[in-house]
Q: 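Below are the structure tokens for one structure; questions will follow.
Computed from a predicted model, the values in this text were never measured in an experiment.
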Amino acid sequence: MYFLYNFAPDCKQEVKSFHVFCTKKSSEIMSIPEKIQEPRNVDLAAAGRGVWLVKVPKYLQERWEKNKSTKTEVGKMRITRSRFPGQKPKVTFTIDEELAKGSPGEMPIPREHNMILTGLGNQNLVVFSQTPVTVKQESSSGSVDVVASDRIAVEGKVIQRADCQPDKTISYMNLKRKQLEIKNKPQREVIQITKVVPMYKPVNNHVHNAPSSDKNKVEKRLREDKEKVMDILFNAFEKHQYYNVKDLVTLTKQPITYLKEILKEICTYNMKAPHRNMWELKPEYRHYKEQQSSG
């Protein structure tokens with residue numbers, strides 16, 4: 001998270017956050033496809049002001065965001081210039097004591113921070129701010145604030161970049177330890193139940209198993225009289241010469257062991273192609289109906 005510092009003459013700073021853009025060459029800008037928008041006026045009153053672009057820790061940014069409506073001063077910065085020429089000044093930042101403690105239940109954050117100054121290189125950074133402008137609009141329910149347009153202004157030019165780093169104090173170490181504990185905490189935990197929970201009582205058979213149990217239920221077949229079963233088989237073999245044992249079980253509705261006993265008496269089991277594993281009436285039973293009709 002980057003914040004911009006604007007220094008007042010009395011060395012007290014005011015912290016603001018803005019959108020940061022890096023200026024590019026005209027040829028690069030023309031090559032970027034952008035939507036055509038209406039031209040707007042840009043406020044250039046603060047274009048010559050110098051600002052600092054500072055990278056701050058995440059916990060500091062979150063604490064500022066929570067208290068931005070109640071706290072106007074977030075801390076104080078001290079710049080100590082070196083006695084030796086050519087050396088960078090020492091810059092320290094001390095956060096407000098009440099802001100560092102936080103609200104009840106929050107982890108306190110370190111107060112002392114060092115600013116590590118870095119150069120801009122070949123970058124040319126300019127800060128823009130975009131503020132919505134509201135107007136009163138009359139309606140049936142009364143006056144309502146409506147966003148008419150956005151005010152765009154240049155807040156300054158970045159003259160210095162810095163990295164805000166906390167001192168390695170006990171407060172900082174406790175904060176990092178707490179962050180690691182929260183990060184490594186498993187999302188799911190096994191807890192021991194101290195009292196009986198009715199919804200966890202074991203059941204004999206679950207509801208989702210009911211359809212499968214009905215499907216797997218085999219219909220119990222009762223043995224019929226042997227003569228009756230043989231009549232059913234003779235009538236079936238009058239229609240077709242060869243039958244599979246499964247088809248005969250379906251036709252007679254008899255147990256397969258009982259049916260095979262009867263089939264062995266009146267039928268022959270084919271072991272060769274083309275009617276392999278199929279039953280056929282024995283020769284003496286093949287024309288029994290003609291013999292009965294001729295007699």
Side-chain angles (χ1 to χ4, degrees), residues 1 32-36 58-59 61-62 65-66 104-107 139-141 175-295:
M1 182 66 184
I32 300 175
E34 295 182 355
K35 295 181 179 180
I36 300 176
K58 185 178 180 180
Y59 64 85
Q61 176 256 330
E62 291 175 349
E65 290 291 336
K66 289 181 180 179
E106 285 185 333
M107 189 77 179
S139 62
S140 58
S141 58
L175 177 65
K176 296 302 293 182
R177 180 178 58 82
K178 187 69 175 179
Q179 290 177 347
L180 289 174
E181 290 177 355
I182 296 174
K183 182 179 179 181
N184 297 327
K185 184 178 180 180
Q187 296 181 355
R188 296 183 179 182
E189 294 181 355
V190 179
I191 59 174
Q192 184 178 2
I193 300 176
T194 56
K195 59 181 180 179
V196 178
V197 182
M199 65 177 62
Y200 292 111
K201 285 185 177 180
V203 294
N204 187 21
N205 193 10
H206 295 277
V207 178
H208 63 271
N209 292 332
S212 60
S213 61
D214 294 341
K215 186 184 295 183
N216 296 331
K217 185 184 289 185
V218 180
E219 184 181 356
K220 189 175 182 180
R221 303 178 187 273
L222 299 176
R223 292 191 176 191
E224 294 286 351
D225 186 37
K226 184 177 180 181
E227 297 293 332
K228 186 176 180 180
V229 176
M230 291 177 66
D231 291 339
I232 297 173
L233 291 173
F234 287 140
N235 291 331
F237 278 106
E238 284 183 359
K239 299 177 183 177
H240 301 285
Q241 186 176 356
Y242 302 96
Y243 275 96
N244 191 305
V245 68
K246 292 182 179 179
D247 297 333
L248 293 175
V249 170
T250 304
L251 289 172
T252 59
K253 297 181 180 178
Q254 295 299 305
I256 188 169
T257 54
Y258 177 58
L259 181 61
K260 283 185 177 181
E261 293 177 3
I262 301 174
L263 288 174
K264 288 178 182 179
E265 295 181 12
I266 62 174
C267 295
T268 304
Y269 186 70
N270 294 313
M271 301 292 291
K272 297 180 180 181
H275 303 291
R276 188 177 181 180
N277 301 331
M278 299 189 76
W279 293 88
E280 178 188 11
L281 282 176
K282 291 181 178 180
E284 58 266 27
Y285 295 108
R286 288 179 188 173
H287 306 288
Y288 66 94
K289 235 183 177 187
E290 294 181 4
Q291 294 174 2
Q292 290 178 0
S293 60
S294 62

Q: Is there a side-chain contact between Tyr269 and Asn277 (heavy atoms, below 4.5 Å)?
A: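 Tyr269 vs Asn277: side chains touch.
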
Q: Salt bridge between Lys282 and Glu265, side-chain N to carboxylate O under 4.0 Å?
A: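 A salt bridge is absent here (no side-chain N lies under 4.0 Å from a carboxylate O).
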
Q: Partners of Tyr242 by side chain to side chain donor-acceptor pair (under 3.5 Å), sequence neighbours excluded?
A: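 Scan of Tyr242 (side chain to side chain donor-acceptor pair (under 3.5 Å), adjacent residues dropped) gives none.
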
Q: Are Glu62 and Lys66 within salt-bridge range, i.e. N to O under 4.0 Å?
A: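 Judged by the 4.0 Å cut-off on N to carboxylate O distance, Glu62 and Lys66 do not form a salt bridge.
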
Q: Could you grab the distance from atom NE2 of His275 to atom OG1 of Thr268, nearest 0.5 Å is fine?
A: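 Atom-to-atom, His275:NE2 and Thr268:OG1 are 13.0 Å apart.
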
Q: Could you work out, with salt bridge (charged side-chain N to carboxylate O under 4.0 Å, His left out) as the rule, every residue matching Glu227, not counting sequence neighbours?
A: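 Here no residue qualifies.
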
Q: With rounding to the nearest 0.5 Å, note down the distance linking CZ in Phe237 to CE in Met230.
A: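 Phe237 atom CZ to Met230 atom CE measures 11.5 Å (nearest 0.5 Å).
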
Q: Looking at Gln254 and Glu224, would you say the former's side chain and the latter's main chain have a donor-acceptor pair under 3.5 Å?
A: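 Answer holds: yes.
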
Q: For Leu222, does its backbone N or O pair with a side-chain atom of Tyr258 as donor and acceptor, under 3.5 Å?
A: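 Not at all, since once roles are kept as given, no pair shorter than 3.5 Å links the two residues.
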
Q: Measuring from Lys260:NZ to Thr257:OG1, what's the distance to the nearest 0.5 Å?
A: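 Between atom NZ of Lys260 and atom OG1 of Thr257 there are 8.5 Å.
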
Q: Can you measure from CG (Asn184) to CD (Gln179) and round to the nearest 0.5 angstrom?
A: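 Answer for the CG-CD pair, Asn184 versus Gln179, is 11.5 Å.
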
Q: Output a table of donor-acceptor pairs, distance under 3.5 Å, between side-chain atoms of residues 186-197 and any protein atom two or more places apart or on a different chain; print 'none' if there are none.
A:
none

Q: Tell me if a side-chain donor or acceptor on Tyr59 pairs with a main-chain N or O of Leu175 at a distance below 3.5 Å.
A: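 Looks like no, no N/O pair under 3.5 Å.
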
Q: What pair of heavy atoms forms the shortest contact from Leu248 to Leu233, and how long is it?
A: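 Minimum heavy-atom separation between Leu248 and Leu233: CD2-CD2, 3.9 Å.
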
